[in-house]
Amino acid sequence: MPQGKPVSVPDDGLTTRQRRNRPLLIVHTGPGKGKSTAAFGMALRAWNQGWPVAVFQFVKSAKWRIGEERALRVLGDSGEGGPVAWHKMGEGWSWIRRPGAEDDHAANAREGWAQIKRDLAAEAYRFYVLDEFTYPLKWGWLDLGDVVETLTARPGAQHVVITGRDAPERLIEAADLVTEMGKVRHPMDSGQKGQRGIEW
């Protein structure tokens, strides 16, 4: 495996090992497919290291089963890597605006964020996936200042990956690693719906 070399080495008083093992705040954003998929791939790596992993999904239905959820739950229960906790917030797809439903989704998002804050404070996990977390921020359901402050001040060696389109600039500026997924072409452009094994 090729060794990556940093472009510059900061004068921060840290050793190379300390700098290498610094916990990261990661954002996967942009209009292209693959943001959550990439985050779940990182969760697999974390599981393999024996790290406790937590996934918080902010807009998926509790009834909807995705392949990554099943795989990570089975792996988490296998006793070979780290344990895995999987949480889904809300009811159904939050971007489908139903009359009177927004308050429920917003309340669920706030409770999900409150749980994440408790888990971060307790250092309950080593690796977090906050899937489609940019949407509650975009819709104003969560306080962006509180989110950025909490994530940048998190204790210990906790890595956090956030996925979703339209990540706020303030979150991007606070992150250590930001990837923007761009769309060149997608089957939905020509009328093809999502399919088993590709989308879930």
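- Ion pairing between a basic and an acidic side chain is recognised when a charged N comes within 4.0 Å of a carboxylate O; Lys88 and Glu132 show no such pairing.
- The aromatic rings of His159 and Phe127 are tilted relative to each other, their planes meeting at an angle between 30° and 60°.
- Note: Tyr135 OH to Leu142 CG = 14.5 Å, rounded to the nearest 0.5 Å.
- Contact detail for Ala174 and Leu25: the closest heavy-atom pair is O-CD2, 3.9 Å.
- When side chains are defined from C-beta on, Val55 does not count as touching Glu68, because their heavy atoms never get closer than 4.5 Å.
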Discussion item. Is there a side-chain contact (heavy atoms from CB on, under 4.5 Å) between His87 and Gln115? Walk through the geometry before answering.
Written reply: CA-CA 10 Å; His87 309 280; Gln115 183 60 52; 5.7 Å; no
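- Under the 4.5 Å side-chain contact rule for hydrophobic residues, Phe133 and Ile172 share a cluster.
- Taking each heavy atom of Pro31 and Glu180 in turn, the nearest pair found is CD-OE2, 4.3 Å.
- Considering only residues two or more places apart in sequence or on other chains, Asp189 meets the salt bridge (Lys or Arg N to Asp or Glu O under 4.0 Å) condition with Lys183.
- Smallest separation of non-hydrogen atoms from Asp119 and Phe56: OD2-CZ, 3.5 Å.
- Of all heavy-atom pairs spanning Thr150 and Leu120, the tightest one is CG2-CD1, 4.1 Å.
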Item to complete: Please step through side-chain contact (heavy atoms from CB on, under 4.5 Å) for the pair Arg19 and Val9, ending with a clear verdict.
Response: CA-CA 10 Å; Arg19 198 175 300 111; Val9 178; 3.7 Å; yes
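- With hydrophobic clusters built from ILVMFWY side chains whose heavy atoms lie under 4.5 angstrom apart, Leu24 does not share a cluster with Met181.
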Practice prompt. Starting from the C-alpha separation in whole Å, work towards a yes-or-no answer on side-chain contact (heavy atoms from CB on, under 4.5 Å) for Val160 and Ile116.
Written response: CA-CA 10 Å; Val160 177; Ile116 291 165; over 6 Å; no
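- Minimum interatomic distance between Leu144 and Pro168 (heavy atoms only, all atoms of both residues): CD2-CB, 3.8 Å.
- Partners of Arg22 under the salt bridge (Lys or Arg N to Asp or Glu O under 4.0 Å) rule, at least two apart in sequence or in another chain, are Asp176.
- Ile162 has its side chain out of reach of Leu137: every pair of non-hydrogen atoms, C-beta onward, lies at least 4.5 Å apart.
- When the salt bridge (Lys or Arg N to Asp or Glu O under 4.0 Å) test is applied to Asp166, the partners found at least two apart in sequence or on another chain are Lys138.
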Worksheet item: Should Val161 and Leu177 be marked as a side-chain contact (heavy atoms from CB on, under 4.5 Å) after you check the CA-CA gap, both sets of side-chain angles, and the distance that decides it?
Response: CA-CA 9 Å; Val161 183; Leu177 190 158; over 6 Å; no
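- Closest approach of Gly112 and Phe58 over heavy atoms only: C-CZ, 4.2 Å.
- Between the side chain of Arg154 and the main chain of Leu151, a donor-acceptor pair closer than 3.5 Å is present.
- Thr152 places a side-chain N or O within 3.5 Å of a backbone atom of Glu149 that can act as its donor or acceptor partner.
- More than 12 non-hydrogen atoms from other residues, nucleotides or ligands lie less than 6.0 angstrom from CZ of Arg118.
- Listed by chain and residue number, nothing satisfies the salt bridge (Lys or Arg N to Asp or Glu O under 4.0 Å) test with Glu123 (two or more places apart in sequence, or in another chain).
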Only pairs under 3.5 Å count here: list side-chain donor-acceptor contacts from residues 37-54, not counting sequence neighbours, and write none if there are none.
unit_1, atom_1, unit_2, atom_2, d
Trp47, NE1, Leu75, O, 3.0
Trp47, NE1, Gly82, O, 3.2

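- By the ring pair (Phe, Tyr, Trp, His ring centres under 6.0 Å) test, Tyr128 pairs with Tyr125, sequence neighbours left out.
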